[in-house]
Amino acid sequence: RSSDLLQASLLDLAEQNAATIMPGFTHLQVAQPVTFGHHLMAYFEMLNRDAERFADARKRINRLPLGAAALAGTSYPINRELVAELLGFDSVCQNSLDAVSDRDFAIEFNAAASLLMM
């Protein structure tokens with residue numbers, strides 16, 4: 001993943017600058033001195049949280065809606081669990097109405113992406 005590459009680069013640069021002193025800032029004012037390495041590791045930690053948010057959202061999102069049809073399910077004899085496994089879904093949607101009306105995936109992804117961009 002590119003986020004792993006970015007974090008590896010941050011870690012390398014932070015190690016190289018473990019003793020490089022710079023001013024720390026709080027409330028837009030100069031505060032205590034910190035090292036540039038410490039400053040970079042803050043971004044490393046932020047990216048960890050971002051990755052955790054996406055992984056956490058995926059747990060709820062990665063469900064197969066197949067079989068929900070328009071809203072009331074299908075009469076076709078399908079094996080939803082097998083299809084979910086073959087396609088890499090974690091599970092199947094349990095309620096057809098929820099499967100076709102759920103928009104949480106969009107909200108969760110956009111929320112995680114918004115925080116990543118900050």
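What you see is a predicted model; the values in this text were computed from it and never measured.
Minimum heavy-atom separation, P65 to A99: CB-CB, 4.1 Å. Listed here is the closest heavy atom pair of A31 and T26: CB-CG2, 3.5 Å. When every heavy atom of P23 is checked against every heavy atom of V30, the shortest pair comes out as CB-CG1, 4.0 Å. Here the shortest heavy-atom pairing between R58 and G88 reads NH2-O, 4.4 Å. Scanning both residues, A68 and V100, for their nearest heavy atoms gives CB-CG1, 3.8 Å. Nearest heavy-atom pair across A84 and V92 is CB-CG1, 3.8 Å.
Expressed to the nearest 0.5 Å, how far OG of S114 lies from CD1 of I107 amounts to 11.5 Å. From R63, atom CZ reaches atom OG of S91 across 4.5 Å, with rounding to the nearest 0.5 Å. Within the model, atoms CG of L40 and CG of L10 stand 6.0 Å from one another, a figure rounded to the nearest 0.5 Å. Note that the OG atom of S3 and the CG atom of D50 stand 9.0 Å from one another [nearest 0.5 Å]. In this structure, OG1 in T74 is found 10.5 Å from CZ in R80, a value given to the nearest 0.5 Å. Rounded to the nearest 0.5 Å, atoms CZ (R103) and CG (N110) are 13.5 Å apart.
With a 4.5 Å cut-off on side-chain heavy atoms, L86 and L82 count as touching. Inter-residue side-chain proximity for F44 and N48 is flagged as met; some heavy-atom pair is nearer than 4.5 Å. The side-chain heavy atoms of L6 and L47, taken from C-beta on, include a pair separated by under 4.5 Å. Within the 4.5 Å cutoff, the side chain of R60 has no heavy atoms near those of the D104 side chain. Contact of the L115 side chain with the R49 side chain is not registered, since no non-hydrogen atoms from C-beta on lie closer than 4.5 Å.
H39 and Y43 have perpendicular rings, their planes meeting at more than 60° on a 0 to 90° scale where under 30° would count as parallel.
A salt bridge does not link R53 to D56: none of the charged side-chain nitrogens sits closer than 4.0 Å to a carboxylate oxygen.
Within 6.0 Å of CD in E85 there are 12 or fewer heavy atoms belonging to other residues, nucleotides or ligands.
Using a distance-only test at 3.5 Å, with no hydrogens or angles considered, no donor-acceptor pair links the side chain of E108 to the main chain of A106. Side chain of S96 to main chain of L71: a donor-acceptor pair is present (N/O by atom type, distance under 3.5 Å, no hydrogens or angles). No donor-acceptor pair under 3.5 Å is formed between the side chain of N17 and the backbone N or O of T20.
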